[in-house]
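Have a look at the structure below before the remarks.
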Protein chains: 2
Amino acid sequence: MSLDVFFVPRSVAVIGASRTPGKVGYDLLANLINAGFSGDIFPINPGVDELLGRPCFPDMQAIGREVDLAVIVVPKEKVLPAVKQSIEAGAKGVVVITSGFREMGSEGFEIEKKMVDVCRRRAVRLLGPNCMGIINTDAALNTSFIGRYPEAGSISIFSQSGAVCAAMLDLCSSRHLGVAKMISIGNKADINEIDLLSWLAKDEKTKVIIGYLEDISAGDAFVKAAEEAASVKPVIILKAGTTATGRKAAASHTGVLAGADSAYGAAFKRSGVVRADSFEALFDYAAALALQPLPKGNRVLIITNAGGPGTIAADAVEKAGLQVAILENRTITFLREKLPRESSISNPIDVLGDAVPDRYAAAIEAAQQDPSVDAILVIMTPQTMTQPAETALAIASAIDGSKPVVASFMGGEDVLPGRKHLCAAGLPHYGSPERAVAALKAMHHYSLWKNRPPRQITHFRVNRRRVERIITRRMRTNRLMVGEVKGKDILSAYGFKIPHGAMAICQEEAVEIAERIGYPVALKIVSPNIIHKSDMGGIQLDLNNAEAIEDAYDLMMLKIRKRAPDARIDGIYVEQMIPRGLEVILGMNRDPQFGPMLMFGLGGIFVEVLKDVAFHLAPITEAEAVQMLMSTRSYAMLEGRRGQQGVDVNAIAVGLQRISQLTTDFPQIIELDINPFIVGDIGTEPIVADVHMNLTTLR
Amino acid sequence: MSLDVFFVPRSVAVIGASRTPGKVGYDLLANLINAGFSGDIFPINPGVDELLGRPCFPDMQAIGREVDLAVIVVPKEKVLPAVKQSIEAGAKGVVVITSGFREMGSEGFEIEKKMVDVCRRRAVRLLGPNCMGIINTDAALNTSFIGRYPEAGSISIFSQSGAVCAAMLDLCSSRHLGVAKMISIGNKADINEIDLLSWLAKDEKTKVIIGYLEDISAGDAFVKAAEEAASVKPVIILKAGTTATGRKAAASHTGVLAGADSAYGAAFKRSGVVRADSFEALFDYAAALALQPLPKGNRVLIITNAGGPGTIAADAVEKAGLQVAILENRTITFLREKLPRESSISNPIDVLGDAVPDRYAAAIEAAQQDPSVDAILVIMTPQTMTQPAETALAIASAIDGSKPVVASFMGGEDVLPGRKHLCAAGLPHYGSPERAVAALKAMHHYSLWKNRPPRQITHFRVNRRRVERIITRRMRTNRLMVGEVKGKDILSAYGFKIPHGAMAICQEEAVEIAERIGYPVALKIVSPNIIHKSDMGGIQLDLNNAEAIEDAYDLMMLKIRKRAPDARIDGIYVEQMIPRGLEVILGMNRDPQFGPMLMFGLGGIFVEVLKDVAFHLAPITEAEAVQMLMSTRSYAMLEGRRGQQGVDVNAIAVGLQRISQLTTDFPQIIELDINPFIVGDIGTEPIVADVHMNLTTLR
């Protein structure tokens with residue numbers, strides 16, 4: 001069911017309305033009335049006849065007609081009856097403000113579940129409990145008890161924390177950022193961030209969505225909804241609980257345990273969510289994205305009235321991975337005419353300390369004409385001749401909306417008049433050049449995502465039936481750890497190159513196999529009880545003849561019997577020796593929220609010591625797989641260095657895509673580790689040296 | 001000569017005072033008069049009798065008595081005569097506001113040098129040119145033309161950019177941070193940041209020094225002055241031009257080229273300078289350091305009135321490398337009594353959305369008593385019952401000054417009354433929990449530096465005479481590249497373990513040497529023209545007998561003659577084979593500003609691909625050397641991993657200290673590279689496998 005009734009109800013009842021100012025039941029009713037809502041408002045309180053000039057009803061039935069939306073603020077033990085009463089009376093939406101449910105333990109959780117059951121049975125949607133309510137400035141609707149009613153505007157806010165919601169609203173006001181909708185989602189018993197993303201994506205008044213989240217209700221659905229929303233408008237999210245400490249703190253007050261931060265990172269990246277890494281960044285990014293067009297590239301022009309701030313800004317641009325734009329010659333010629341002789345006309349453009357407003361205007365006009373400039377950062381410092389207000393007005397009228405322009409008037413009260421005019425003209429302003437540049441970076445990254453090529457998942461021809469048979473048999477017999485031999489069988493069915501080999505159950509057979517596949521060979525122990533084969537003496541390499549095989553076979557058995565006397569030995573795997581190459585690791589871990597998360601890293605110390613790994617949600621495209629490789633610090637190792645030839649990067653990307661297909665096809669695989677995957681020169685096919693998988697019976 | 005005359009002159013002349021408002025000569029005089037300076041003020045302008053109610057003089061002589069300080073604002077061609085005139089008239093300090101000197105090219109630079117010459121000959125100090133002047137709130141002295149005169153306070157500001165200076169002053173005002181001194185140092189023709197650090201360190205009114213720099217006048221002196229200043233009060237510096245782009249921008253407007261950022265990083269670290277990584281961070285850190293005591297450790301307690309912001313803060317604490325404090329039991333017991341049952345009493349302490357001010361007070365009192373808490377972060381969000389002003393007052397009166405307390409009242413206008421009271425009570429306030437935590441981190445790091453153990457440089461017994469002989473001979477014969485053989489000689493004299501070996505000039509001699517030092521041996525070509533020996537075929541390893549040596553010798557000569565036909569061959573070095581071990585690189589690069597900068601990194605890809613290196617200025621202490629190793633990402637490699645034994649970390653630290661001593665003793669060495677330095681198990685002595693040095697005749 002649509003959430004429309006929460007945003008544009010024809011009538012609203014407040015169950016638990018109170019006559020005591022300071023109580024939620026009073027403040028909320030007062031807010032609802034004061035916002036100027038044009039629909040009907042019905043206070044409900046059995047002991048009162050009239051409230052704030054409106055007739056008050058003992059219960060929903062007493063109103064005598066259907067009410068679209070019921071807002072419940074009664075004490076927690078009366079909430080469930082109030083929900084039932086609302087539904088009986090025909091409400092299509094219920095907002096439960098009252099707290100004391102899931103967040104207080106299992107007893108509250110049970111009641112919360114009952115609330116949802118009651119609603120679902122009648123197709124009624126529920127917001128909360130433990131929330132602050134909803135605001136829709138377009139309908140002059142305020143069902144919240146937050147003191148501040150925002151100016152109308154284009155930013156919509158949702159938050160899992162009511163307090164953060166209130167702070168966000170307050171900050172929007174003081175930054176003169178208008179609000180379209182505000183939704184405090186509380187415990188998310190029914191309506192969650194996914195519903196809201198879908199609804200806000202379609203809301204015409206919403207230009208930018210900002211959200212605060214501590215966990216996500218359903219990974220797959222979130223990625224889908226966020227991707228759809230981000231395709232039409234920017235979605236900026238502050239995800240708290242990114243560290244172990246933060247997760248503990250979040251769990252202690254919401255009772256939810258968030259997943260790994262790397263999975264969230266991968267999910268946000270996939271779905272185009274702009275991730276705010278601090279509370280202030282939410283608004284820094286929102287202002288730029290709401291007010292300015294997206295940049296077409298990463299080349300930034302800096303206009304300043306002094307060298308120092310220009311230097312600070314240039315540092316920030318480089319550190320952000322953006323580029324300081326190089327002006328075209330005709331722009332320089334144009335500016336030489338317009339600006340004084342002493343002005344520095346490169347980038348940063350220094351319009352000098354005595355800059356009159358029209359110098360800024362000239363520089364902006366020139367920058368807008370110059371195809372080598374993608375974004376403009378205007379800096380002003382308060383100097384004697386500086387006219388902050390007039391400069392802001394001149395800047396505002398010079399802007400033609402073709403490129404994003406952000407400003408930093410550095411200082412305090414002296415530049416305040418300028419900031420106000422920038423605000424009024426819809427120009428995002430930042431307290432420092434560094435923060436302005438961070439906003440440009442967020443815009444650039446969002447723009448890249450939005451203009452990404454269509455996601456084309458390659459579907460490789462594979463032998464799916466074969467894998468299905470292996471997995472089904474394993475699951476039936478509850479052998480959920482898949483070792484090297486069967487693991488290679490599975491990978492081979494999905495197009496991976498596997499060294500020739502076969503299982504032997506005696507020395508003679510081992511020699512026979514070796515003669516067939518050719519020397520040199522390796523022997524590897526096959527046992528469900530031995531995972532770290534080499535630690536147990538279960539691997540012998542580089543055997544060149546029958547005698548060597550026989551010796552190695554004996555030695556291995558001797559060692560294994562000593563080190564793992566209880567291990568069941570299924571046999572010995574005889575395998576071609578693999579040519580040397582670079583060792584990389586391809587892996588998959590099924591995240592409980594987001595599904596198969598692919599992992600890539602260079603082998604050995606790169607993963608173990610440097611933790612230099614990249615993650616991506618499956619399914620993955622070719623471009624994404626290549627991007628994933630490039631995002632590791634050790635990428636230069638793949639490219640080759642000091643004259644050494646690089647390895648076949650595309651072949652690794654293909655490997656990732658094949659794992660992506662395999663683990664998307666088979667949700668039973670919860671873990672997969674190709675370690676090492678041996679990669680050779682360009683044009684060669686990588687080889688799976690070892691693999692390990694885990695299956696699950698769940699799902 | 002002391003700078004006192006600039007801060008507490010008895011009289012000030014303004015040469016170039018003007019009657020036209022808006023002109024620097026007018027604004028500056030007006031500022032000087034309006035600030036309330038109690039000394040004499042003499043406007044100088046030949047065409048005017050009276051200015052702003054003061055008699056105006058045609059020139060300095062006409063005043064008829066000595067004037068302490070002359071402030072010069074005449075056009076640039078008249079500056080040099082004005083400086084001369086001032087000195088003649090007995091001025092002890094000269095401030096040149098006028099610009100158009102070094103920053104405009106070589107002609108201006110020449111005049112600037114003349115100004116300084118004239119002054120130095122008479123022991124007169126000069127500030128500027130191209131500066132904004134000086135403010136001393138303690139003496140009500142304002143010789144600047146900046147519009148804003150700050151409130152008196154404990155922060156002193158210096159800046160190489162006048163515009164940044166003005167912005168800093170303005171921002172201090174709007175953040176209610178009082179200012180002690182402000183100095184715009186301009187072109188630093190005479191007085192520079194080093195003079196100011198020394199003077200401000202002794203200034204009683206200055207509690208914190210903040211500075212903006214683009215370059216440093218003299219590395220050694222800077223480190224010394226900054227270290228001395230930082231030992232008594234915090235010094236916070238924003239160093240611009242940290243990126244190539246930023247350096248280019250800085251050079252284009254000041255004409256100075258700053259050194260490598262890694263050298264600045266090492267210099268700041270050594271001297272205890274708190275580095276601000278953004279313009280806003282300067283003030284964020286200054287507020288905390290000026291207003292609050294230093295923390296004794298890194299354990300932070302978070303007090304909040306809602307879970308969400310507590311989670312955001314906990315994330316920030318962990319990301320900053322600080323710890324979320326674990327409360328003692330009696331603190332918890334105490335708080336259980338004082339706070340409502342629903343309050344979360346761990347860390348973050350959640351005093352709940354309806355928190356009355358005394359809950360905050362109780363939590364702060366408890367935290368101050370708890371020895372497991374080193375610093376306190378108080379967070380408030382605007383909720384219905386929230387009383388920001390009253391809460392701020394309650395917090396302020398609960399604070400006993402024993403531990404640092406910082407606050408973040410999240411939001412905008414709703415929490416503004418609270419912020420104001422915090423300000424008034426000297427409690428630093430931040431717009432977001434993340435920024436508050438960043439300030440606590442800066443405090444913690446400064447505190448660690450301030451309480452560092454005394455720097456004890458180990459002096460190893462070395463054969464300095466031997467090295468002196470080698471270097472002197474090399475310099476006399478202008479052979480400035482020191483290769484492996486002599487390099488090892490030098491290192492051996494400084495206590496490094498060198499594999500046994502000797503130079504041979506024929507096959508027979510090579511065999512003879514090998515028999516003496518014992519097999520296996522390596523042969524290495526010795527030629528001043530061949531640096532990358534192995535690329536030229538100039539290295540042969542693992543030779544086990546006379547025949548092998550003879551073959552290798554022939555092969556090497558054959559290859560070298562082909563690949564480097566013109567190379568002069570001094571002979572072949574015969575050396576013991578070095579046992580296997582971990583390869584690390586120890587290096588030294590003499591920074592033009594800061595002198596010998598030591599470098600450490602793991603060999604191979606760690607340096608080449610991952611750029612994982614650490615720097616430190618020589619001389620280095622043992623603790624600093626160990627710290628240096630630990631600061632690399634690859635440190636875990638040294639410690640050992642997955643059951644592997646670690647290498648002798650202390651032996652590497654000793655190596656760094658010996659290089660430190662060598663390169664401090666011999667400034668002629670401008671570059672030194674031990675690559676690789678082979679490190680073995682704990683208790684073994686590392687071995688120098690190869691070394692290369694460069695000498696210089698300069699200095």
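Note that these values count all heavy atoms, side chains included, but never hydrogens, waters or copies made by symmetry. Chain naming here is simple, since letters A, B, ... match the order of the sequence lines and numbering starts at 1 in each.
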Toward chain B, the part of L238(A) with a non-hydrogen atom under 4.5 Å: side chain

Identify which part of M104(A) has an atom lying under 4.5 Å from any heavy atom of chain B, answering side chain, backbone, both or neither. side chain

Region of M132(B) that comes under 4.5 Å of a non-hydrogen atom in chain A: side chain

Whether the side chain of D350(A) engages the backbone of S344(A) through a donor-acceptor N/O pair (distance < 3.5 Å, no angle test) should be reported. no

Expected output: side-chain S408(B) to main-chain Y430(B) donor-acceptor under 3.5 Å: yes

Contacting region of E413(B) [heavy-atom separation from chain A under 4.5 Å]: both

If I measure from the heavy atoms of chain B, does R175(A) come under 4.5 Å with its side chain, its backbone, both, or neither? neither

Between N130(A) and N187(A), is there a donor-acceptor pair closer than 3.5 Å when you use the side chain of the first and the backbone of the second? no

With distance as the sole test, does Y212(A) use its side chain to make a donor-acceptor pair with the main-chain N or O of G308(B) at under 3.5 Å? yes

Side chain of N347(B), backbone of I302(B): donor and acceptor closer than 3.5 Å? yes

Checking D277(B) against chain A: side chain, backbone, both or neither under 4.5 Å from a heavy atom? backbone

Between E214(A) (side chain) and Q160(A) (backbone), is there a donor-acceptor pair under 3.5 Å? no

Please rank G162(A), A166(A), S159(A), G310(A) by heavy-atom pairs under 4.5 Å with chain B and give me the top one. A166(A)

Against chain A, label D27(B) side chain, backbone, both or neither, depending on which of its atoms sit under 4.5 Å from a heavy atom there. side chain

I need the residue from Q383(B), M410(B), R148(B) with the largest number of non-hydrogen atom pairs under 4.5 Å to chain A. R148(B)

Rounded to the nearest 0.5 Å, how far apart are SG of C131(B) and CD1 of I97(B)? 4.5 Å

Residue among P433(A), G431(A), G412(A) with most heavy-atom pairs under 4.5 Å to chain B: G412(A)

Option in D414(A), T304(A), I146(A), V317(A) with maximal non-hydrogen atom pairs under 4.5 Å from chain B: D414(A)

Are the side chain of T381(B) and the backbone N or O of V164(A) linked by a donor-acceptor pair below 3.5 Å? no

Under 3.5 Å side-chain donor-acceptor pair for S278(B) and E280(B): no

Checking M168(B) against chain A: side chain, backbone, both or neither under 4.5 Å from a heavy atom? neither

Would you mind checking which part of V415(B) comes under 4.5 Å of any heavy atom in chain A, side chain (CB onward), backbone (N, CA, C, O), both or neither? both

